[in-house]
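Data first, discussion second: the structure below is written as structure tokens.
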Amino acid sequence: MQPDYNIAIWTAVGHIPVGKVATYGQIARLAGFPNSARAVGRALAILPSDTRIPWHRVINAKGQISFPIASEKFKEQALRLTSEGILIKQGKISLTLFGWEL
DNA sequence: CAACTGACCATCC
DNA sequence: AGGATGGCCAGTT
């Protein structure tokens with residue numbers, strides 16, 4: 001099991017400009033899997049902690065972080081996003097303002 | 001081998 | 001506007 005899914009997805013994620021965010025659906029589309037947003041979630045889930053992939057720039061279609069509000073993962077992602085200039089109000093990110101390729 | 005699960009999404013009510 | 005429903009697809013149980 002070493003499908004290129006993950007490679008394609010990671011590559012697409014790596015193309016997200018700093019200060020912008022993309023949804024799983026967008027990434028899936030860019031990677032060549034129009035109906036497999038879930039593949040993106042999987043690909044990101046198996047990333048090692050020392051990865052250089054900006055996984056934090058990937059959020060769900062609701063414009064929110066796809067983690068339990070109190071989890072460490074959530075906090076880390078929120079921190080990384082804010083430090084890149086992305087504003088999170090009430091746990092929600094404005095895709096209109098920070099969405100990649102609108 | 002069948003069923004469940006999940007860092008999801010679009011549509012319908 | 002918020003909740004339920006169906007579809008997707010690969011890795012686990």
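Letters A, B, ... mirror the listed sequences (proteins, then strands); counts begin at 1.
Closest to the A/A61 side chain, of the nucleotides B/dC9, B/dA7, C/dA10, is B/dC9. Set against B/dG6, B/dC8, B/dA7, the side chain of A/Q77 has B/dA7 as its closest nucleotide. The side chain of A/N60 lies closest to B/dC9 when the candidates are B/dA7, B/dC9, C/dC8. For A/A37, the listed nucleotide lying nearest its side chain is B/dC9; candidates were C/dC8, B/dA7, B/dC9. Out of C/dC8, B/dA7, B/dC9, the shortest distance to the side chain of A/N35 is found at C/dC8.
Expressed to the nearest 0.5 Å, how far CH2 of A/W10 lies from OG1 of A/T51 amounts to 7.5 Å. In this structure, A/H56 NE2 and A/T82 OG1 are separated by 9.5 Å, a value rounded to the nearest 0.5 Å. From A/R42, atom CZ reaches atom OG of A/S36 across 8.0 Å, with rounding to the nearest 0.5 Å. The distance from the CD atom of A/Q64 to the CZ atom of A/F74 is 8.0 Å, given to the nearest 0.5 Å.
The nearest whole Å value for the distance from the CZ atom in A/F33 to the P atom in B/dC8 is 17 Å. Atom CZ of A/R80 is separated from atom P of B/dA7 by 18 Å (rounded to the nearest Å). We find that CD1 of A/I27 is positioned 13 Å from C1' of B/dA7, with the value rounded to whole Å. Atom CD of A/E76 and atom C1' of B/dA7 are 13 Å apart (whole Å). Atom CZ in A/R42 sits roughly 8 Å away from atom C1' in B/dG6 (whole-Å rounding). Here the C1' atom of nucleotide B/dC8 and the CG atom of A/L95 are 14 Å apart, to the nearest Å. Here the P atom of nucleotide B/dG6 and the NZ atom of A/K73 are 16 Å apart, to the nearest Å. Distance, A/K62 NZ to C/dG2 P: 12 Å, rounded to whole Å.
OP1 or OP2 of B/dC8 lies within a sub-4.0 Å distance of a side-chain N or O belonging to A/S66. Here A/Y5 does not reach the OP1 or OP2 of C/dC9: none of its side-chain N or O atoms lies under 4.0 Å away.
Note on A/I65: it clusters hydrophobically with A/L87, by side-chain heavy-atom contacts below 4.5 Å among ILVMFWY residues.
Contact annotation for A/A45: base contact, defined as any heavy-atom pair under 4.0 Å involving a base atom.
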